[in-house]
Amino acid sequence: MLPKLGRALIKPKHLQLKPLAQAALVKRVVTLTPSVASRPFSIGTIRASQEELLKKINTSTQPEPAITEGSLLQTLEEFKGKGNLKGAVKTVQNARELGIATPALYMCLVDMLRDLPFDMEQCATVANWFYSDKVKLSLDVMEDIEVWKSVLKLGFRFGGTYRSEDLRALVDRFTEIFDLTTLNDQTAWELLMRAYGILDRKDAVEACIAKDAHLKESPSFYTNALLSFAATKSYDKVDELIEKLKEKELLDSHTLLKLIRCYGFHGDITRTSKYIDMCNQLYPDSASDKTMLLIAHKLALDKMLRELRHTRGARGLDLKPDDSTQFDQLNQSWSDLTKDMFNEEGKAEDITDVNVVLEYLTIAHQIDPIQFPMEKAERIFETYMPTHDIKPNDASHRIMLGGYAHSRQYNDTRNVRLDKCLEVVAKMQIAGINTLNHPTFHALFRACIPHRKGKYYYDNFRLNSLLPARPYEHNVFKLDPRVFEIEKIMLEAHIPHDRFTFITLLTCLAAGGKKQAFRSRWRIFKTHGLKADVGLYRVAFALSSLDSTQATRAMTVIKNEMDREINKHGMDFTTYRAMLDCCIAAQLPHEAREVIQEMTRQVKYVHAKKTHADDLAKWPYLDSPEFYQPMLRAAVTIKGLNSTAEKILNEMDSKNVVYSQDILEAKLSKLALDDDREGIQRLFNQYTMSRFEKEGKIPVPVREKASPVVPFPTAPYSRLDMKFIDVYICTLLDNQNISLVFDVLRTLNDQVDNHQISISHKTIEGIVRLAKQEKSMDELKWLSSNILPKVTSQNKALRGLKKNIDLLFK
């Protein structure tokens, strides 16, 4: 009997929370919901005949007469009915090892993978059979064009995911096996053209069209060429083909609707709207509604969210950008589009449109939880839908579940977002929706990622070095203990960890300081069927760098594992950065030197041997600041690598490498550690002038009539700007130049408004100490009245300091 989630985790008000696994225990067979891209999991027993068949395949050394192609196809159909893709893949794999797998069997499996909700891991496993040199499929399978056409269609599903390389590998293998100069299969050409479009290979699409000249009178040819160019954003080619189709009277509503879907699912609002208008004008009887325009807005916002997660979320910042013009414009367009929806007097909206609106609101909530609180989505889900007899389906519930799991609205000491997720799970169970599957546990584990006082450092964690600098003891946040109960329920339901649940659980454990639990999970990850790829090792190193002890273990135990499992040419640059973060955390100079040498060799190898743009995009160039930044940071931060830091800086200067902000920060840290006051002042002046050259921010003189003139940066100030100002003031304090210190502070005071001076408290204490020592009482009084109230981090110590200064003048 599975343990209950219920009262052990949370008891929502007005809801009786049923066991999480109830649906699977009471109903052995769960109806698949086509509208949700997830893989339902059933723990129902396999029928006796099915078990016997699998046993024969697994234990036989020779094919038995009872195991026929027909019986295997029947087994696959039974697995399809249960949604058990893993069992289906295993069946074909065993049949292949016994030499009894036929093209028809592969066709059946691939078609099943295409028909059922997308399961990334199982699809990737089957795709690997067709392009990997390590898997030997029979010649009659590899040369069967019908099998390959189905496999290419399966590969389309990898487009836009982190496994898009699988589609590229399939296309490369297809072109190796079949001679394109003699290939006359029209469907194969069209599929190949679509694949190149998804891979953003405009040149390859044009090459297909050139080779396919004899097919140009086919309507399907033009349709696929149109969609391929649309996928590569070749707008001029799309317009050209549209005109040709009009001339040949081949532009039907079906083609336009496909084009609308293509642009809609790419989040291209302008062109989606353009072709909707064209369709409505040419074919008023089959006019397109606004559903695709809603979807285009949602996906445009989702693209923005992904970018913000990468640029801001990975650095521990709020996702809303400083310049929110683009976000505001999109929201205004969305508001204009949906202003007539959800009127109490109007007719009820379609469930598809309602779900798109819910998804838009939950995505916008992640970017700006103040402007888009979860209550906006709740009003539609809990009030509008019941009032208008719209029954929430599986997709509706999962959208709300994902919204709560990613929420940053609830900054309570309790893990409110997990409470909210569990309430949604309870409603799903009451509605008879299967909750015993990976998507449910994805959301529950996601909701358990620790946060503290509005700091969500680990929600989009990628590298420790990207997060704000802080003491190591501040890495540990309080972990919700219910995460262990959730994992227990999942495993006892025979649902193994997939990649997402495993990585999310590791993040929870590392951020919560559960070192022993982290190590135990890592030791057994292969028992869940997970592949030890370079991405998983990157996560392990990045999370290990949060603790010095764990970082030491990672650079000994985990690195040795990786060296055995991963080819040195299969590494990526981010994994090397994560390893250097471990070296910094554990202060390992010898290991850091080895990593620096190895990553330098690999960068040289990639740019010498690789030619594909996708490969080159993953690695920085040898003369770019992105290449030097992680190495310089490690050399500056790790004791004993000072000579290495000097060598790196000299090499950068010899190559005329332009300093990025990260490089400038690392160099500033080095000069501060070396107590090079003159070097700091030169770098401060250089940085101030670079702001003028790159951003047009004209510096102001600290002393207009003094010589030499001291340039000072103008507002608004970034975090790095304030760090430079802070360190520059410290050098003036070390030189005991009290008059210049207060001239700098006066200039700074003129540039900022309230609570925008983020110099450190230690710097402020040093200013007060020097002012008292020099008996500059007027300056001290001015500091108390003008600077201290504007300091960003107001706390008890700062208020006490101000009070003590004020007492001197009473």
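Here the structure is a predicted model, which means the values were calculated and not measured.
- Residues S150 and D111 have side chains that bring a donor and an acceptor to within less than 3.5 angstrom of each other.
- The environment of R499 atom CZ is dense: over 12 non-hydrogen atoms of other residues, nucleotides or ligands sit within 6.0 angstrom.
- Checked against the 6.0 Å centroid criterion, the rings of F381 and H397 qualify as a close aromatic pair.
- Annotation for A447 and N415: closest pair O-ND2, 3.0 Å, computed over non-hydrogen atoms.
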| Checking side chain to side chain contact (heavy atoms under 4.5 Å, CB included) for the pair D581/F541: CA distance, chi angles, key distance, verdict? | CA-CA 8 Å; D581 286 351; F541 285 119; over 6 Å; no
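- Within the 4.5 Å cutoff, side-chain heavy atoms of E487 are placed close to those of H497.
- A 4.5 Å side-chain heavy-atom check between I380 and F342 finds at least one atom pair inside the cut-off.
- A salt bridge does not link D318 to K320: none of the charged nitrogens lies less than 4.0 Å from a carboxylate oxygen.
- Under the 4.5 Å side-chain criterion, counting only non-hydrogen atoms from C-beta, L509 is not in contact with K515.
- Between A231 and C262, the shortest heavy-atom distance links the atoms N-SG, 4.2 Å.
- Taking the side chain as every heavy atom from C-beta outward, P450 and Y457 never approach each other to under 4.5 Å.
- In this structure, T504 contributes its side chain and T501 its backbone to no donor-acceptor pair below 3.5 Å.
- For the pair K376 and F372, the distance from NZ or CZ to the six-membered ring centre is under 6.0 Å and the angle to the ring normal is within 45 degrees.
- Between the side chain of T440 and the backbone N or O of L436, no donor-acceptor pair lies under 3.5 Å.
- The closest donor-acceptor contact from the side chain of H310 to the backbone of R306 lies at 3.5 Å or more, if one exists at all.
- No option in M341, H388, M385 other than M385 meets the side chain to side chain contact (heavy atoms under 4.5 Å, CB included) test with V354.
- Salt-bridge check for D394 with R398: passed, with a basic side-chain N closer than 4.0 Å to an acidic carboxylate O.
- No donor-acceptor pair under 3.5 Å is formed between the side chain of H365 and the backbone N or O of L361.
- A donor-acceptor distance shorter than 3.5 angstrom exists from the side chain of S544 to the backbone of A540, with no hydrogens or angles considered.
- Ring pair F502/F525 is tilted by interplanar angle, where 30° to 60° counts as tilted.
- Aromatic ring pairs are classed by plane angle as parallel below 30°, tilted from 30° to 60° and perpendicular above 60°; the pair F500 and H442 is tilted.
- In this structure a side-chain-to-backbone donor-acceptor pair under 3.5 Å is missing from D572 to V534.
- A donor atom on one side chain and an acceptor atom on the other are not found under 3.5 Å apart for Y404 and Q409.
- Contact between R114 and R157 at its shortest, heavy atoms only, is O-NH1, 3.0 Å.
- One finds no salt bridge joining D533 and R538 here, because no Lys/Arg side-chain nitrogen approaches an Asp/Glu carboxylate oxygen to under 4.0 Å.
- Residues R446 and R417 have side chains in contact (heavy-atom distance under 4.5 Å, counting atoms from C-beta outward).
- Annotation: side chain of Y360 is in contact with side chain of L330 (closest heavy-atom distance under 4.5 Å).
- When atom types are taken as modelled, the side chain of E359 and the backbone of I399 share no donor-acceptor pair closer than 3.5 angstrom.
- Nearest approach of C108 to E77, heavy atoms of both residues: SG-OE2, 4.0 Å.
- In terms of heavy-atom proximity, G316 sits nearest to L467 at N-CD2, 3.7 Å.
- A donor and an acceptor atom, one from each side chain of T272 and D268, are nowhere located under 3.5 Å apart.
- Panel note: side chain N437, backbone N434; a donor-acceptor pair is recorded below 3.5 Å.
- Without hydrogens or angle criteria, N464 side chain to S545 main chain gives a donor-acceptor distance under 3.5 Å.
- Side chain of D119 to backbone of Q122: a donor-acceptor contact under 3.5 angstrom is found.
- Inter-residue side-chain proximity for K478 and H451 is flagged as unmet; no heavy-atom pair is nearer than 4.5 Å.
- In Q326, the CD atom is not crowded: 12 or fewer heavy atoms of neighbouring residues, nucleotides or ligands sit closer than 6.0 Å.
- Heavy-atom contacts from other residues, nucleotides or ligands closer than 6.0 Å to CD1 of I524 number more than 12.
- The aromatic rings of F477 and Y458 sit perpendicular, their planes meeting at an angle over 60°, well past the 30° parallel limit.
- Of all non-hydrogen atoms in C448 and L479, the two that sit nearest each other are O-CD1, 3.8 Å.
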| said: Run the side chain to side chain contact (heavy atoms under 4.5 Å, CB included) test on L299 and H266 for me, step by step, so that the C-alpha distance in whole Å, both residues' side-chain angles and the decisive distance to 0.1 Å come before the verdict. | reply: CA-CA 7 Å; L299 289 171; H266 277 82; over 6 Å; no
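- M120 is not listed as a side-chain neighbour of D498, based on a closest heavy-atom distance of 4.5 Å or more.
- Partners of Y537 under the side chain to side chain donor-acceptor pair (under 3.5 Å) rule, at least two apart in sequence or in another chain, do not exist in this structure.
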